[in-house]
Participant: 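Sharing a structure below in structure tokens format, with a few things to ask.
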Amino acid sequence: MDSSDGSQGMRISERMPDRDFYLDDDVVGISKRLLGMKIVSNTPEGICSGIITETEAYAGETDRASHAFGGRLTQRTEVMYREGGIAYVYLCYGLHSLLNVVTGPAGLPHAVLIRGIYPLEGAGIMAGRLKRSIDVRKDGLGPGKLTRLLGVGKSHNGADLRNPGLLWIEHSGLAITENMVISGPRIGIDYAGEDAMLPYRFLADVVQVEKAIKKAGLV
DNA sequence: AACAAGATTAACT
DNA sequence: GTTAATCTTGTTA
């Protein structure tokens with residue numbers, strides 16, 4: 001197997017998305033393109049990473065489900081208004097840190113919620129955080145669960161995802177095709193009225209992603 | 001200053 | 001299917 005298919009054989013500049021990747025104002029398009037990319041967390045315990053398998057688009061000021069709906073520019077949403085390519089992390093229900101990718105040019109508060117990953121590196125560290133061994137098919141599914149696995153919290157709010165550092169996203173070399181992806185309405189946003197039925201959720205099939213990962217030699 | 005709600009999860013019945 | 005856990009944020013007074 002030629003390792004240039006995966007990220008291992010690539011130089012950093014080739015692994016990282018183009019500068020324009022996050023600046024696209026089509027947040028739904030970016031949500032789909034993030035599927036199959038690798039998110040990496042560099043913590044005191046070590047490196048943890050996973051392939052992104054589920055995302056949701058939040059379309060700025062016009063989307064009733066978005067924290068920035070109606071132009072709400074508050075202490076919490078301020079990072080959403082910055083230039084795309086950074087993390088927006090907030091605490092939900094007082095318990096769970098939820099991780100978003102801020103997208104679009106500065107002033108356009110678009111964001112993509114990361115709802116699921118397939119754990120790749122750092123399984124032992126993740127198991128420690130879970131206090132039990134991890135099931136790679138299940139334990140990365142859920143926005144509050146993957147942040148726990150990756151050790152992501154509110155200290156990651158505003159982190160630069162475009163360059164290796166604390167938390168970043170890179171190309172994995174995996175090809176997630178449309179036939180592996182289900183789209184549908186977003187989860188847990190009943191308050192959003194008519195916008196609750198927008199098909200802004202994208203879920204890649206775990207089994208097919210796992211197959212692609214093994215074929216590419218990523219594990 | 002007070003308060004209601006929340007882009008969830010795990011553990012119940 | 002129901003519910004508790006848990007606390008920041010944004011809104012209202």
Participant: Could you note down all residue pairs passing side-chain hydrogen bond (donor to acceptor under 3.5 Å, both in side chains) where residues 84-93 of chain A supplies at least one of them, sequence neighbours left out?
Facilitator: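 Qualifying pairs, neighbours excluded: A/His67-A/Tyr88.
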
Participant: Looking at A/Lys215 and A/Glu210, is any side-chain nitrogen of the basic one under 4.0 Å from a carboxylate oxygen of the acidic one?
Facilitator: no

Participant: Does atom CD1 (A/Ile182) have a neighbourhood of more than 12 heavy atoms from anything else shown, all under 6.0 Å?
Facilitator: no

Participant: For the pair made of CD in A/Gln75 and P in C/dG10, what is the distance, rounded to whole Å?
Facilitator: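 Taking atom P of C/dG10 as the reference, CD of A/Gln75 is at 7 Å.
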
Participant: Report, one pair per line, the protein and nucleotides 5-8 of chain C atoms (nitrogen or oxygen only) whose separation is under 3.5 Å.
Facilitator:
{"unit_1": "C/dT6", "atom_1": "O2", "unit_2": "A/Tyr93", "atom_2": "O", "d": "2.3"}

Participant: Could you pull out the closest heavy-atom pair between A/Val89 and A/Gly153, with the gap in Å?
Facilitator: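 Reported closest heavy-atom pair: CG1-O, 3.4 Å.
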
Participant: Picking from A/Val181, A/Leu203, A/Val209, what satisfies side-chain contact (heavy atoms from CB on, under 4.5 Å) with A/Leu35?
Facilitator: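 Output: one option passes, namely A/Val181.
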
Participant: For A/Val152, which of A/Ile114, A/Leu167, A/Leu146 qualifies under side-chain contact (heavy atoms from CB on, under 4.5 Å)?
Facilitator: A/Leu167

Participant: Measure CG/A/Leu99 against P/B/dT8 and give the value in whole Å, please.
Facilitator: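 It is 14 Å, rounded to the nearest whole Å.
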
Participant: How many whole angstroms separate atom CE of A/Met80 from atom P of C/dT9?
Facilitator: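 After rounding, the reported distance stands at 15 Å.
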
Participant: Quick one: is C/dT9 close enough that its OP1 or OP2 comes under 4.0 Å of any side-chain N or O from A/His67?
Facilitator: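 So the side-chain polar atoms of A/His67 never come under 4.0 Å of the phosphate oxygens OP1 or OP2 of C/dT9.
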
Participant: So what does A/Arg186 touch, heavy atoms closer than 4.0 Å: a base, only the sugar-phosphate, or nothing?
Facilitator: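 Result for A/Arg186 = nothing.
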
Participant: Figure out the CZ/C1' separation between A/Arg76 and B/dG6, and round it to whole Å.
Facilitator: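 Taking CZ of A/Arg76 and C1' of B/dG6, I get 8 Å after rounding.
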
Participant: On a heavy-atom basis, which atom in A/Leu150 and which in A/Ser41 lie closest, and how many Å separate them?
Facilitator: O-OG, 2.7 Å

Participant: Can a donor-acceptor pair be found between the side chains of A/Thr43 and A/Arg129 at a distance below 3.5 Å?
Facilitator: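 A/Arg129 and A/Thr43 do have a side-chain donor-acceptor pair below 3.5 Å.
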
Participant: Between A/Arg186 and A/Asp63, does any side-chain N to carboxylate O distance fall below 4.0 Å?
Facilitator: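 Here A/Arg186 pairs with A/Asp63 in a salt bridge, since their nearest N and O are under 4.0 Å apart.
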
Participant: Under the side-chain hydrogen bond (donor to acceptor under 3.5 Å, both in side chains) rule, what pairs show up with a residue in residues 195-205 of chain A, not counting sequence neighbours?
Facilitator: A/Glu54-A/Arg201

Participant: Do A/Lys32 and A/Asp26 pass the salt bridge (Lys or Arg N to Asp or Glu O under 4.0 Å) test, and can you show the C-alpha distance, the side-chain angles, and the key distance before you say yes or no?
Facilitator: CA-CA 10 Å; A/Lys32 297 184 213 169; A/Asp26 175 16; over 6 Å; no

Participant: Under 6.0 Å from the six-membered ring centre of A/Phe202 and within 45° of its axis: does the NZ or CZ of A/Arg115 meet both?
Facilitator: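 Cation-pi check for A/Arg115 and A/Phe202: fails.
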
Participant: Apply side-chain contact (heavy atoms from CB on, under 4.5 Å) to A/Arg148 and A/Leu130, showing your working.
Facilitator: CA-CA 8 Å; A/Arg148 185 170 174 198; A/Leu130 225 53; 4.1 Å; yes

Participant: Dump every N/O contact between nucleotides 11-13 of chain C and the protein below 3.5 Å, one line per pair.
Facilitator:
none

Participant: Is A/Leu113 touching bases, backbone alone, or none of the nucleic acid, heavy atoms closer than 4.0 Å?
Facilitator: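 Counting heavy atoms under 4.0 Å across all strands, the contact made by A/Leu113 includes a base.
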
Participant: Write down the distance between CZ (A/Phe69) and C1' (C/dT9), rounded to a whole number of angstrom.
Facilitator: 18 Å

Participant: Run through DNA chain C and report every stem of 3 or more consecutive Watson-Crick or G-U pairs, distances under 3.5 Å, ordered by first number.
Facilitator: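 B:1-6 with C:7-12, B:8-12 with C:1-5 - these are the stems of 3 or more pairs that involve DNA chain C.
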
Participant: Write down the distance between OH (A/Tyr191) and C1' (B/dA4), rounded to a whole number of angstrom.
Facilitator: 15 Å

Participant: Can you tell me the distance, in whole Å, between the CD1 atom of A/Ile189 and the C1' atom of B/dA5?
Facilitator: 16 Å

Participant: In residues 114-151 of chain A, which ones come under 4.0 Å of DNA chain C, going by heavy atoms?
Facilitator: none

Participant: Looking at A/Glu121 and A/Met126, what are the two nearest heavy atoms and their distance?
Facilitator: O-CE, 3.5 Å

